[in-house]
Number of protein chains: 2
Amino acid sequence: MATLGDVAARAGVSISAVSRVLSDAPDSRVSAATRERIVEAARELNYRPNFAGRALKSARTQVVGLVVPDITNALFTELMHGAEDEATERGYTVLLGRSDDVRPGGEVIARLIGEGRVDGMALQVGDAVQPAGLRDLLTTQAPIVLVNSSNPGHVGSVTLDDHQGALIATRHLLELGHQRIAFANGLPRSFTAKRRRTGYKLALAAAGVRVPKAYETRIGYTVDNGRTALHRLMALDPRPTGIVVANVNAAVGLLGEARKAGIRVPDDLSVVTVHDSWTAENTWPPLTAVKMQFYTVGRTAVRSVIRRIETGETSDEVITDPPPELVVRESTAPPR
Amino acid sequence: MATLGDVAARAGVSISAVSRVLSDAPDSRVSAATRERIVEAARELNYRPNFAGRALKSARTQVVGLVVPDITNALFTELMHGAEDEATERGYTVLLGRSDDVRPGGEVIARLIGEGRVDGMALQVGDAVQPAGLRDLLTTQAPIVLVNSSNPGHVGSVTLDDHQGALIATRHLLELGHQRIAFANGLPRSFTAKRRRTGYKLALAAAGVRVPKAYETRIGYTVDNGRTALHRLMALDPRPTGIVVANVNAAVGLLGEARKAGIRVPDDLSVVTVHDSWTAENTWPPLTAVKMQFYTVGRTAVRSVIRRIETGETSDEVITDPPPELVVRESTAPPR
DNA sequence: AACAACTGCTCAAACGTTAGAGCAGAAACG
DNA sequence: CGTTTCTGCTCTAACGTTTGAGCAGTTGTT
C-alpha cells in the first residue's frame, strides 16, 4: 500500500504538498506543474488514502452505522438499500449491525460509537427491546437517529406514516363492502403498532362501523404470529370477512395458515397488509398491500444522521412523500 | 471519549502501562495493585480503545468485508448470519458491501482493501459479472476468498456441494415415479449452474432416464427468470411432469406463474427446488426443497479469510457437512 | 561485596494523515 | 531601492495506539 510519503518521494515534493493536492484542499497554493507531477505519481503508485490514518487525524470516519433487528426481513433490506444509496452519494459508508435477541442493541451501539468506528447511527430497535434499556444510550450526545420509533426525550427520528397506512388498508376493505373487519396487529408496546391501530380505528369510525373488541389481535409481526392471529380471529363468532394485517410477514403467515385451514382467500376472507415487498407479490393469492416507503426511510435516516454529525441539527421526520400507496392484488374482494 | 492518556492520568501511571494492562499483553510485568488501579480507572472513564489509533499502529482492523450481489436475497442473508457469527466469535467485525449491477464489484473491493478498511474479504460475485474483470483483483495478494464460485488461478474459495444438491432434488422426483423431469437452471456461465447441472444429469443417467435437450432452461436465478422458465417448459411436447429448479427465488416465481396458468401443483406438475429458505415455506403449496447450508458457507468463508489473514494459508473448501438435505413439503407428488 | 537477574515501571518512536506556521524567492508597490 | 505582499512550497506537531528499549530499585547468586 502506497502512502503519502511514497507519492511525495516519487514526485519529489513534501508530504504536505501531496496531501493538499490529493485531498484538494481549498487554498493549496501549488503550481499546476507540481500538481500534475503529484497526481501522476499517485496514479502510478495506485495511491489510496489510508482509512485509519485519516480517521485518527480528523476524528471522522465517514461511516454511519445502521442497526436493524433482523437483516433477514425483506422490509429492512429495502431500508438498507435506501441507506446505502444516500450514504454513497454523500461520501459515507454504511456499517451494518444487528440488534437481535442475543445482543439487545446496547452493546453493539456503544461499541461502534465508543471505539470510533462510526460517526453516527441509524437505529431501529426490535419490538422486543424495552425502551428503558435505550435511555442511557440515547442520552449520550452521540448522533443517533431512531428509525420507525421515537423516544420521549427525543433525539431525532424518522418514521413512516403508519397511521395513514393502516387507514388506507382499512378503507380499502370498507370500500369493498366489508363491515366485519379485523386487525392483526403487532405487540402492544410496539411504536408502529400503536400508530397503525389508530389508523384502523379511525377508518372504521369514519365509516360508522363498529366491531367487537376481540377483532384486534396484538400478537406480533412475525410469520408465526400471523398464523396464530388467523386462528384466533377465525374462532370468533361472527367471523370477520376481512383482515387488515399490520405487517407483511405476518400476512404471509396468516395467508398460509388460512390455506391450510381451508379458508379461501379472497372468497371467504379478504386479507390486506400494511407493507409491501416482493414476498407479497409471490404468495397465493398475491397479497393486496399498502406500500410503505421503506427505501425512503433508509435514505432519510442516513441524511438525518449526517446532518446531525455535520451541523448538530436534530429533527423528527415523518415520511409522507411519497405517501403510502395501495397496491391491489388478488387477496381482497367484496364479501359474499 | 476517554483515551489511554486519560486513564493513565487517573491511575497515576504511564500510558504504556495502561496499554499493556488493558490489551492484556503477555509479559506485562505490572503489579497486581497497579493493574487493579488501571482497570478501575478505565472502568470509571468508560474507556474504549480507539479503533483508528489501534488500526493505524497495528495495521490491522479486525474487520472482514463481505460482498454479496444482492442483500435482498434470502439466501445471502443466511450467509451473512453465518459470516457474522463466525466473525464475532473470533473478535472480528463484518463490513457488508454490495456488488450489484451498478458497481460491478471491482471498485468496492479495491476501495475496502486499498484504504485499509478491511483486512480481508469474502466475495460472492453475481452471475452477471464476467470473471475477467476480477482477474486483476484476485491476483493482488489481498486475502480474498471467493464464495460459491472459484477461479482458475485460484485464490481460495468456499462452495456448496451443488452437484449433490441437484442430484438429491432430481432423485426425489425419480423416486416419486417421474420420468419427464425438466431442469430450470441458472445462466450458462454461472459457476453454480454448471455444477448443479452435472448433478441433475447424473441422477437421470443413473436411473436410466433420458429427456429431451429442451428440458433444461438456462435463464437465471431470479423470480422473473423462474416465471419465464415455466412458460418455456410448459410449451414443450410432451410436457414435463416434474421440474427441478436450481434456485429458490426462481422456484417461487415459477410456482406463482404455474398458478396463474392454471397448472396445479403438485397434481399436474411437481416442483422441487435446490435451496431452502423461509420464503419456500410460505408459498402455496409449500415448496419441497433441498436445503443448502448457506449459513455454514458464511461461517466457513469468514474462517477461511481470517486464516488467510493470520497465517497466510489458502484453501478451497466444499461444504459437505452438514450435507444438502431434502425437505419434503407439498409441491411434489407422484405423476398422474 | 560484587555482580547478575529480575521486577515494575517509563520513554520514545512509529503507524499515515492533516493543517497551522514558517520560510525562501518573486512580484508589486511606494 | 526598501518594504510589503504574494506564491509555492516545507516543517512540524498532533490524533491514539503499540512496543522495543531503557532504567531505577530489589532480589538472588557466587
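Being a predicted model, the structure only gives us computed values, none of them experimental. Labels below follow one simple rule: chain letters A, B, ... track the order of the sequence lines, proteins then strands, and each chain is numbered from 1.
- If you find the closest nucleotide of DNA chain C to B:Ala32 and to A:Arg48, the one lying nearer the 5' end belongs to B:Ala32.
- When distances are taken from the side chain of A:Ser19 to each of C:dG8, C:dT10, C:dT18, the shortest belongs to C:dT18.
- Spacing between atom CG of A:Leu22 and atom C1' of C:dA19 amounts to 15 Å, rounded to whole angstrom units.
- Side-chain N/O atoms of A:Ser58 include none lying less than 4.0 angstrom from OP1 or OP2 on C:dT17.
- Each of A:Leu112, A:Ile306, A:Thr93, A:Val145 was scored for a side-chain contact (heavy atoms from CB on, under 4.5 Å) with A:Val64, with one residue passing: A:Ile306.
- Using a 4.0 Å heavy-atom distance criterion, B:Tyr47 is classed as a sugar-phosphate-only contact.
- Put simply, NZ on A:Lys57 is 17 Å from P on C:dC15, counting in whole angstrom units.
- When rounded to the nearest whole Å, the span between CG of A:Leu4 and P of C:dA14 equals 18 Å.
- Side-chain contact between B:Phe294 and B:Ser277 is absent, with no heavy atoms from C-beta onward closer than 4.5 Å.
- Within the nucleic acid shown, B:Ser16 comes within 4.0 Å of at least one base atom, counting heavy atoms only.
- Summarising the geometry, the separation between CZ on B:Phe51 and C1' on C:dC15 is reported as 14 Å, rounded to the nearest angstrom.
- Checking A:Leu123, A:Leu79, A:Leu95, A:Val305 one by one against A:Leu66, the side-chain contact (heavy atoms from CB on, under 4.5 Å) holds for a single residue, A:Leu79.
- For the salt bridge (Lys or Arg N to Asp or Glu O under 4.0 Å) criterion with A:Glu317, the lone passing option out of A:Arg299, A:Arg307, A:Arg308 is A:Arg307.
- The nucleotide range of DNA chain D contacted by chain B, defined by atoms under 4.0 angstrom from heavy atoms of the protein and reported 5' to 3', is D:dG16 to D:dG22.
- In terms of modelled atom types and a separation under 3.5 Å, the side chain of A:Asp119 and the main chain of A:Thr61 share a donor-acceptor contact.
- Below the 3.5 angstrom threshold, one finds no donor paired with an acceptor across the side chain of A:Arg20 and the base of C:dT17.
- A:Tyr47 is listed as a side-chain neighbour of A:Leu22, based on a closest heavy-atom distance under 4.5 Å.
- Positionally, the nearest nucleotide of DNA chain C for B:Arg35 lies more toward the 5' end than for the other of A:Met1 and B:Arg35.
- As rounded to whole Å, 18 Å separates atom P of C:dG20 from atom CD1 of A:Ile15.
- One can place CG of A:Asn50 at 18 Å from P of C:dA14, the figure rounded to the nearest angstrom.
- Between A:Arg54 and C:dT18 there is a side-chain N or O to OP1 or OP2 distance below 4.0 Å.
- Judged by distance alone, with hydrogens and angles left aside, the side-chain atoms of A:Arg48 form no donor-acceptor pair with the main-chain N or O of B:Glu115 at under 3.5 Å.
- The separation between A:Asp6 atom CG and C:dC15 atom P is 11 Å, rounded to whole Å.
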